[in-house]
Amino acid sequence: MTIEGPLPPTTLIVHVQRKNSAAFPASTLPEPLSDPRLDFRIDKCTASHYQVRAGEYIQIIDVAGRECSDFLA
């Protein structure tokens, strides 16, 4: 593949085989870092927005352990 070329020389194929495809049970969440002002879950394959005030902290927890998350501030 050349630097100028956008395509790889061959097709990339990924096979994922999970040991247990059953849904993971809900896990125990860690204690919050402080008293939360707002506590909510974002459903999979969706997005949400919220406002953070000066001096506040954000704690993001992946409760299912299966999703990648993007966080933009």
Side-chain angles (χ1 to χ4, degrees):
M1 184 168 107
T2 64
I3 296 174
E4 299 84 21
L7 301 175
T10 61
T11 303
L12 176 65
I13 300 173
V14 177
H15 297 278
V16 177
Q17 183 177 7
R18 300 198 185 278
K19 181 178 177 184
N20 184 2
S21 61
F24 288 94
S27 60
T28 304
L29 297 177
E31 290 297 318
L33 299 174
S34 65
D35 293 332
R37 177 178 64 91
L38 182 63
D39 185 3
F40 61 94
R41 289 188 183 200
I42 300 173
D43 292 330
K44 64 182 178 180
C45 302
T46 63
S48 183
H49 70 277
Y50 48 93
Q51 192 171 38
V52 180
R53 299 177 187 145
E56 290 184 330
Y57 293 91
I58 299 171
Q59 183 175 11
I60 301 172
I61 302 171
D62 182 2
V63 295
R66 304 261 327 241
E67 294 249 352
C68 294
S69 63
D70 295 328
F71 176 74
L72 178 64

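When reading the values below, keep in mind they use all heavy atoms of this one structure, side chains included, and skip hydrogens, waters and symmetry mates. One is the number of the first residue; the rest follow in order along the sequence.
- Partners of Tyr57 according to the side chain to side chain contact (heavy atoms under 4.5 Å, CB included) rule, which considers only residues two or more places apart in sequence or in another chain, do not exist here.
- Applying the side chain to side chain contact (heavy atoms under 4.5 Å, CB included) rule to Thr11 yields the partners Ile13; only residues at least two apart in sequence or on another chain are considered.
- Not counting sequence neighbours, Ser34 has no partner by the side chain to side chain contact (heavy atoms under 4.5 Å, CB included) test.
- Partners of Glu56 under the side chain to side chain contact (heavy atoms under 4.5 Å, CB included) rule, at least two apart in sequence or in another chain, are Arg37, Val52, Arg53.
- Within the structure, ring-ring contact (aromatic ring centres under 6.0 Å, His included) contacts touching residues 30-51 (residues at least two apart or in different chains) are Phe40-Tyr50.
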